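To keep things clear, I will list the structure first and then write my remarks on it.
Keep in mind that this is a model prediction, so the values were computed, not measured. By convention here, the first residue in the shown sequence is residue 1.
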Amino acid sequence: MKISIFSNPGDASKQVSDALKAKIKAEKLTLDDEHPDIVITVGGDGTLLTAFHHFRDQLATIRFVGIHTGHLGFYTDWRDYEVDELIDSLAHDNGQSVSYPLLDIFIKYGNGQKERLLALNEATIKKVTGTMLANVYIKDQLFEVFRGDGLCVSTPTGSTAYNKSTGGAVLSSELKAIQVSEIASINNRVFRTLGSPIVISPNEWVRVEPVNSDENLMTCDQMMVENRLIDSVTFRISKQRINFAQYRHTQFWKRVSESFIGVKPND
Ligand code: NAP
C-alpha cells in the first residue's frame with residue numbers, strides 16, 4: 001500500500017508526521033507522494049481541505065485518513081497519540097471506506113470562459129463592499145432576487161463549517177444534498193428573500209446570476225477564486241465523492257455534540 005503524509009507546518013504536526021514516516025518504513029509500507037492509495041493528513045480540518053484540493057485529480061483512487069493535533073477535527077478521526085494504533089490498522093487494511101458528497105461549481109465568466117471547481121465544505125459568492133444583487137434560479141426557474149452580503153452553498157460535511165455560522169442547518173453526513181444559506185440578506189417591505197436556508201436534492205441545481213458582477217468574490221473551501229467578472233455560477237451535488245479509510249466509526253451526531261456543545265454522558 002502506498003501512503004502519503006500531508007502535514008501542516010506546525011511543530012506538533014511535524015513531530016507526528018516524522019514518527020509516522022519512521023513507522024511506515026518499519027512496517028514495509030511504501031511512502032509515495034505522487035500516486036498514493038492512502039493520504040494521511042496531520043493537522044486539522046484545514047489541512048484535510050488543502051490535501052483534498054492537492055489530490056483532487058485522484059479522488060477516485062485515494063482514501064483519506066485525518067489525524068488531528070489539537071484542532072477541531074471534523075474530518076479527522078485520529079488523535080496525535082494514536083499513531084501506533086493507526087499503523088496497525090494500515091497494516092491490516094482491507095479496503096474499508098466511507099464516502100461523502102462533494103459540491104460541483106460551474107462558473108461562467110463575463111468573457112465567455114468557463115471553469116469547474118469542486119468543494120468539500122462549501123463555495124460562497126459575496127460582495128465585500130456594498131450589497132450583492134443576484135437573481136437566484138432553482139432548476140432554471142427564477143426563485144428570488146437576492147440582496148445582501150452573499151450566499152453560501154455547502155455539502156453535508158461542510159454544513160458544520162461556514163454554513164453553520166450563517167444560520168444553516170447541520171445536515172447528516174449520510175444525506176445526498178446541498179444547502180444554500182444566506183449571508184446577511186436584506187429583508188424589508190421593499191426587498192425580500194426567502195430568509196431561511198434551503199436544501200436541494202441531487203436532481204436539482206441552483207444558478208446564481210449576479211447583477212453588477214464585477215465586484216463579487218467567490219470562495220471554494222479555503223481558497224479565493226480568481227476575481228473576474230462573473231456571469232453565472234451553477235451549484236449542484238457532484239457525481240464525485242471523497243473517500244475516507246474507515247478503520248473506526250465515529251458517529252456523526254456524537255462528533256457534532258462533542259465539538260459544539262461539549263456534553264458528556266451524565267453531565
Ligand atoms: P480557518 O479560518 O483557519 O478555519 C476555520 C475553522 O473552521 C477551523 O476551526 C476549522 O477546523 C473549521 N472547519 C473547517 N472545516 C470544517 C467542517 N467541515 N466542520 C466544522 N469545522 C470546520 O480556515 P481553514 O482552516 O483554511 O478552513 C477553511 C474553512 O473555513 C472554509 O471551508 C469555511 O468553512 C470556514 N470558514 C468559516 C467562516 C465562518 O464560520 N464565518 C468564514 C470563513 C471560512 P480546524 O481548526 O480543525 O482546521
Side-chain angles (χ1 to χ4, degrees), residues 44-47 49-50 52-53 56 71-72 74 102-155 157-171 178-200 204-238 260:
D45 289 325
T47 315
L49 286 172
T50 309
F52 164 80
H53 286 280
R56 197 185 59 175
H71 289 250
L72 189 59
F74 251 84
L102 299 170
L103 173 69
D104 268 336
I105 305 145
F106 301 96
I107 310 176
K108 255 198 215 162
Y109 291 105
N111 63 1
Q113 283 184 329
K114 292 178 183 168
E115 188 175 14
R116 177 190 168 232
L117 303 170
L118 193 62
L120 173 55
N121 268 351
E122 82 285 293
T124 67
I125 175 160
K126 49 192 174 184
K127 196 160 172 177
V128 184
T129 51
T131 302
M132 182 176 101
L133 173 58
N135 296 321
V136 179
Y137 298 80
I138 301 181
K139 285 185 92 170
D140 299 333
Q141 280 266 288
L142 182 64
F143 177 71
E144 66 181 10
V145 178
F146 178 88
R147 282 181 176 81
D149 279 9
L151 292 162
C152 171
V153 185
S154 59
T155 63
T157 55
S159 68
T160 48
Y162 202 153
N163 166 73
K164 190 170 176 303
S165 307
T166 66
V170 173
L171 293 196
I178 56 172
Q179 181 170 187
V180 184
S181 61
E182 301 180 346
I183 309 171
S185 58
I186 300 178
N187 273 297
N188 53 35
R189 264 194 305 127
V190 186
F191 303 131
R192 182 135 298 277
T193 66
L194 182 66
S196 71
I198 58 170
V199 177
I200 64 165
E204 297 172 312
W205 61 93
V206 168
R207 191 173 77 250
V208 177
E209 290 184 357
V211 182
N212 305 327
S213 54
D214 52 334
E215 286 171 25
N216 296 310
L217 278 182
M218 272 212 68
T219 64
C220 173
D221 292 336
Q222 78 283 24
M223 301 169 305
M224 201 179 89
V225 180
E226 196 190 337
N227 195 4
R228 277 191 273 164
L229 195 95
I230 293 170
D231 253 11
S232 71
V233 189
T234 304
F235 303 95
R236 71 186 305 165
I237 198 157
S238 181
F260 291 109

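The pair R207-D140 meets the salt-bridge criterion, since a charged nitrogen lies less than 4.0 angstrom from a carboxylate oxygen. With salt bridges taken as basic N to acidic carboxylate O contacts below 4.0 Å, one links E215 and K127.
Using modelled atom types, one side-chain atom of S159 and one backbone atom of L171 make a donor-acceptor pair closer than 3.5 Å. At distances below 3.5 Å, at least one donor-acceptor pair connects side-chain atoms of N187 with backbone N or O atoms of T193. Using a distance-only test at 3.5 Å, with no hydrogens or angles considered, no donor-acceptor pair links the side chain of S232 to the main chain of V208. At least one donor-acceptor pair under 3.5 Å links the side chain of D45 to the backbone N or O of F74. The backbone N or O of M223 sits nowhere less than 3.5 Å from a side-chain atom of D221 that would complete a donor-acceptor pair. Of the possible donor and acceptor atoms, none in the side chain of N135 sits under 3.5 Å from a partner among the backbone N and O of V145.
T219 and T124 form a side-chain donor-acceptor contact under 3.5 Å, judged by distance and modelled atom types alone. Under 3.5 Å, the side chains of T166 and E182 contain no donor-acceptor pair of N or O atoms.
The side chain to side chain contact (heavy atoms under 4.5 Å, CB included) with I107 is formed by just one residue from the set Q113, K114, M218; it is M218.
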query: Run the side-chain hydrogen bond (donor to acceptor under 3.5 Å, both in side chains) check on T157 and N121 step by step: do they pass?
result: CA-CA 6 Å; T157 55; N121 268 351; 5.0 Å; no
